[in-house]
Amino acid sequence: MDRYIGSVTAIADSVGAIRRSTKKIMIAFVWYQSAAPSTPPSGEDWPVAPPLLEDHYSVADAVVVGGLLISLLRHSDRVTAACQAQLVNVIAPIMTEPGGTAWRQTIFHPFARTARHARGSVPP
């Protein structure tokens, strides 16, 4: 992701220089992980709001998310907005059961730690 951000900013700055623009293009990220399509139940077994396309994450996923968040912080001079598409259920760090409990998936923890500790300025 560091290389991608570097490439995008270099291209944007190059186009800006060619156009003699004083504006600086900033970058926004939206994380969306597409899951494999699932087949809904057929016939009379069709439940109300079935849990389709829900992703479950491993510790390796949490490590990757932590690395991506570090990349976003490292490039905070150009990345001005970054978000996750869904925050509850589907691809979310927080899962729920209808009428039941909510629990945190592994990727919740890097988000929470980054939110708690990402204060001040990031060194270049």
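Every pair tested for salt bridge (charged side-chain N to carboxylate O under 4.0 Å, His left out) that includes a residue from residues 18-30 fails, sequence neighbours excluded, so the list is empty. Screening residues 61-70 for side chain to side chain donor-acceptor pair (under 3.5 Å), with sequence neighbours left out, gives S58-D61.
For T114, the side chain to side chain contact (heavy atoms under 4.5 Å, CB included) criterion is met by L69, L73, A118, not counting sequence neighbours. A search for salt bridge (charged side-chain N to carboxylate O under 4.0 Å, His left out) contacts involving R78 returns D13, not counting sequence neighbours. Remark: D77 pairs with no residue by the salt bridge (charged side-chain N to carboxylate O under 4.0 Å, His left out) rule, at least two apart or across chains. Residues satisfying the side chain to side chain contact (heavy atoms under 4.5 Å, CB included) criterion with L68, sequence neighbours excluded, are M1, V64. Qualifying salt bridge (charged side-chain N to carboxylate O under 4.0 Å, His left out) partners for D2, counting only residues two or more places apart in sequence or in other chains: R74. Contacts of A112 classified as side chain to side chain contact (heavy atoms under 4.5 Å, CB included), with partners at least two apart in sequence or in another chain: F108. When the side chain to side chain contact (heavy atoms under 4.5 Å, CB included) test is applied to V8, the partners found at least two apart in sequence or on another chain are Y4, I27.
At distances below 3.5 Å, not a single donor-acceptor pair connects side-chain atoms of S14 with backbone N or O atoms of A10.
Residue-environment remark: CZ (R116) exceeds the threshold of 12 foreign heavy atoms within 6.0 Å.
Note that CD1 of I70 is 11.5 Å distant from NE2 of H75, once rounded to the nearest 0.5 Å.
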